[in-house]
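Quantities reported herein were computed from a predicted structural model and do not represent experimental measurements. Every heavy atom of this structure was used, including side-chain atoms; hydrogens, water molecules and symmetry mates were not. Chain naming here is simple, since letters A, B, ... match the order of the sequence lines and numbering starts at 1 in each.
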Amino acid sequence: MFRRLLCTFNTLSSHTATPTPLLRIIDANPVRCSLVTSTRLRCKASEEGEVQEERDPTKDRSRVIPVETSMKYIKSEAYHTTYGSDPVWKIYRRNFKGAFPPRKTRKTCIRAKMIATGNPCPICRDEYLVLDYRNVDLLKQFISEHNGAILSYSMTNICQRRHKELQVAVLKARDYGLLTYDVPFREYEYSEYYTPSKNDNKLTT
Amino acid sequence: MSSPAATHLNNVCKDKNRDPAPVFFSENVQTILKKITGTDFNKVFRQRFDEKKLSPPEYKFMTDEELKQKMKNAERLSSKILQMPPVLKERQAISNILSRDPAITGFENCKFVFTDITYGLPDRKRLVVVRDPDGTLRQASWEEAERMNQIYNPRPGRKLKPPKLFQEEHLTNVLERGEYEFVLDSACAQFEPDDPEYLRITSVVYESVDKKRCYQLLHSTRHYGPLCFYLTWNKKIENLLISLLQQEKLEACADIVRLYQLIHTDCKSKMINVDPNQHLELLKAYVEHDSLQQQQLQLAIQAYQEIVRERQQYNENVKTAHGL
């Protein structure tokens with residue numbers, strides 16, 4: 001009976017690109033049975049090069065979108081109908097148990113190039129929003145209009161990985177001069193640079 | 001009077017070795033520059049986007065004396081904010097060898113840098129020496145000393161590696177968007193005023209401002225004084241004078257001509273004794289004797305005089321219409 005149970009046990013269909021592991025029963029004795037997965041045992045169909053996995057196209061994030069496309073998208077009609085004039089993170093609600101959200105947002109919405117959650121964050125849900133130092137229109141939406149600071153993930157609700165990407169992109173944009181901010185004030189001590197000698201002629205009109 | 005244009009174009013490059021520092025720091029020049037900079041409190045005390053925590057505004061009831069005191073404080077603070085970055089000559093490379101010890105050649109295949117980290121020393125007075133692999137003990141070059149100072153006493157707003165925005169292509173991109181104050185502030189924070197890089201960046205910015213005639217963007221900022229000083233030093237004040245005339249700021253025009261006379265003490269218009277209070281007369285004297293683009297300036301003066309005349313005429317007409 002135990003063996004029949006094991007036979008009806010289906011291999012887990014994973015969303016990974018690696019070939020499916022096969023179930024192997026070593027011994028008929030139920031005590032010494034062990035579940036062995038071996039990537040070496042491939043079925044012939046995959047060896048011929050056919051794709052045996054069905055990737056959900058709505059959750060597939062293996063395609064890398066170039067920055068220029070993202071910049072064009074933000075100026076497009078499609079973006080305007082989706083988001084209007086609000087920042088992209090405005091219309092989004094986090095799902096959590098209880099009245100108070102967890103202090104940190106999730107680590108990442110995308111695992112192994114597929115969306116791994118039912119409610120992805122504002123950046124991950126739209127694959128045409130690319131956080132890059134050149135994409136200034138998108139970066140400005142994540143910078144506070146009151147003091148120029150990068151908005152916290154608790155306000156924008158993006159996942160941790162995207163927040164780090166955002167921070168890097170904003171710092172790079174500031175370095176290249178694409179984003180401006182107010183530089184800390186540099187005070188000069190004139191005596192360090194010039195000491196008037198007694199021989200200097202006083203300039204008169 | 002022979003046209004001075006042909007000879008003056010060569011004269012601009014003649015005084016390359018002349019040190020602007022004694023002229024810039026002299027009292028008369030400083031008063032003129034501070035006067036023309038202006039103190040527009042709305043611009044000086046504007047909202048700053050520097051990631052600092054914001055506090056809600058305070059509303060207070062004050063007596064007249066208290067209000068006067070607060071205004072004095074505000075003026076003192078504004079003069080601090082409008083402190084002009086020094087205009088200096090390009091610095092010379094340091095070549096001060098303290099000792100030669102060929103006996104220790106090859107002791108290491110890298111240099112050793114020794115920095116004096118005594119508390120309270122200004123960066124420029126700090127001793128930084130380098131022991132080269134060939135045994136020479138020399139004083140560190142300007143770049144090495146600045147790097148060490150930044151590592152041991154980091155300044156806010158300064159990075160170890162200069163930001164990419166100071167490279168040519170990115171700089172032109174930023175200037176096209178008109179962000180002059182941002183670039184100049186960043187340059188002040190990153191470089192010393194006698195650094196060749198700082199001088200290159202500031203000259204590029206000032207030329208761009210002059211080309212686009214956007215002097216108002218820098219008015220009431222700390223950079224307006226050095227901008228006017230640079231333009232006057234290089235005899236490029238025509239566009240500035242025209243734009244000031246169009247805004248009908250005669251006193252500012254006269255101040256700039258006076259600054260020109262202070263910097264270029266050998267100019268011809270100085271010989272003519274003009275009453276300092278007659279701003280237009282002073283300007284006309286400059287245009288006649290020292291200007292490089294006489295026609296444009298004369299046209300601008302004529303246009304200004306026309307406008308003044310028309311306005312007077314209009315006021316008089318209104319008065320007669322009202323029966324006064």
Side-chain angles (χ1 to χ4, degrees), chain A residues 67-68 71 75 87 132-137 139-156 163 166-205, chain B residues 19 21-29 46-54 80-81 83-88 122-125 155-159 161 163-167 170-171 173-175 177 179 181-190 192-194 222 258 261-263 265 270 276:
Chain A
V67 199
E68 296 83 29
M71 286 157 70
K75 295 188 171 68
D132 192 87
Y133 72 94
R134 290 161 282 183
N135 203 350
V136 175
D137 296 321
L139 295 180
K140 277 192 187 155
Q141 297 179 6
F142 290 87
I143 292 173
S144 168
E145 59 192 68
H146 307 293
N147 68 350
I150 302 174
L151 291 171
S152 164
Y153 48 76
S154 57
M155 193 178 294
T156 56
H163 186 72
L166 169 72
Q167 283 176 315
V168 167
V170 169
L171 289 178
K172 257 181 109 168
R174 284 180 181 160
D175 196 63
Y176 278 93
L178 297 165
L179 279 176
T180 53
Y181 57 102
D182 278 313
V183 189
F185 185 75
R186 163 79 196 261
E187 205 175 331
Y188 290 97
E189 188 60 60
Y190 281 170
S191 54
E192 282 180 36
Y193 300 102
Y194 176 74
T195 41
S197 61
K198 286 174 190 169
N199 298 334
D200 268 353
N201 297 326
K202 263 206 169 171
L203 290 170
T204 50
T205 39
Chain B
D19 190 8
V23 183
F24 180 77
F25 287 104
S26 67
E27 269 183 51
N28 297 321
V29 172
R46 66 174 168 83
Q47 197 183 19
R48 299 225 173 232
F49 298 97
D50 51 2
E51 306 192 21
K52 283 200 181 141
K53 206 172 175 186
L54 297 169
K80 260 196 194 173
I81 292 173
Q83 185 201 37
M84 290 184 277
V87 176
L88 304 170
D123 282 351
R124 289 167 86 82
K125 296 227 174 86
R155 272 188 206 251
R158 190 178 286 198
K159 299 184 183 160
K161 228 166 89 173
K164 291 192 191 67
L165 90 98
F166 296 129
Q167 290 167 8
H170 302 119
L171 190 60
N173 189 4
V174 181
L175 294 177
R177 284 184 278 134
E179 311 267 9
E181 208 192 329
F182 167 63
V183 178
L184 289 168
D185 275 335
S186 307
C188 284
Q190 181 66 34
E192 290 293 300
D194 53 3
R222 70 193 309 207
R258 243 170 261 136
Q261 288 172 353
L262 280 173
I263 291 172
T265 43
K270 209 177 172 184

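Nearest approach of Glu192(A) to Pro122(B), heavy atoms of both residues: OE2-CB, 3.7 Å. When all heavy atoms of Ser186(B) and Val183(A) are compared, the pair lying nearest together is OG-CG2, 3.4 Å. His146(A) approaches Leu54(B) most closely through the heavy-atom pair CB-CD1, 3.3 Å. Here the closest non-hydrogen pair linking Glu145(A) and Phe49(B) is O-CE2, 3.1 Å. Nearest heavy atom pair, residue Tyr194(A) against residue Ala21(B), reads CD1-CB, 3.9 Å.
You'll find the side chain of Asp50(B) stays beyond 4.5 Å of the side chain of Tyr181(A), heavy atoms only. Pro193(B) has its side chain within reach of Tyr193(A): a pair of non-hydrogen atoms, C-beta onward, lies under 4.5 Å apart. A heavy-atom distance below 4.5 Å is found between the side chains of Phe185(A) and Arg222(B).
Rounded to the nearest 0.5 Å, atoms CZ (Arg155(B)) and CD (Glu187(A)) are 10.5 Å apart. Taken to the nearest 0.5 Å, the CD atom of Glu181(B) stands 7.0 Å off from the CG atom of Asp182(A). The line from CZ of Arg177(B) to OG1 of Thr180(A) is 7.0 Å long, rounded to the nearest 0.5 Å. The distance from the CZ atom of Arg186(A) to the CD atom of Gln190(B) is 10.0 Å, given to the nearest 0.5 Å.
For Lys159(B), the part lying near chain A is the side chain, with the backbone staying farther off; criterion is any non-hydrogen pair under 4.5 Å. Contacts between Gln47(B) and chain A at a heavy-atom distance below 4.5 Å involve backbone atoms as well as side-chain atoms. With a 4.5 angstrom heavy-atom cutoff, Asp194(B) does not touch chain A via any of its atoms. Of the two parts of Leu179(A), only the backbone, made up of N, CA, C and O, holds a non-hydrogen atom closer than 4.5 Å to a non-hydrogen atom of chain B. Looking at Leu178(A), both its backbone and its side chain come within 4.5 Å of chain B, counting heavy atoms on both sides.
Taking chain A as the reference chain and counting heavy-atom pairs below 4.5 Å, the highest number among Arg48(B), Lys80(B), Gln83(B), His170(B) is found for Gln83(B). For chain A, the option among Lys53(B), Met84(B), Gln167(B) with the highest count of heavy-atom pairs below 4.5 Å is Met84(B). Top candidate by heavy-atom pairs under 4.5 Å with chain A, chosen from Pro86(B), Pro156(B), Ala189(B), is Pro86(B).
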- Are Glu189(A) and Lys125(B) close enough, and set up right, to give a salt bridge (Lys or Arg N to Asp or Glu O under 4.0 Å), and what steps lead you there? CA-CA 13 Å; Glu189(A) 188 60 60; Lys125(B) 296 227 174 86; over 6 Å; no
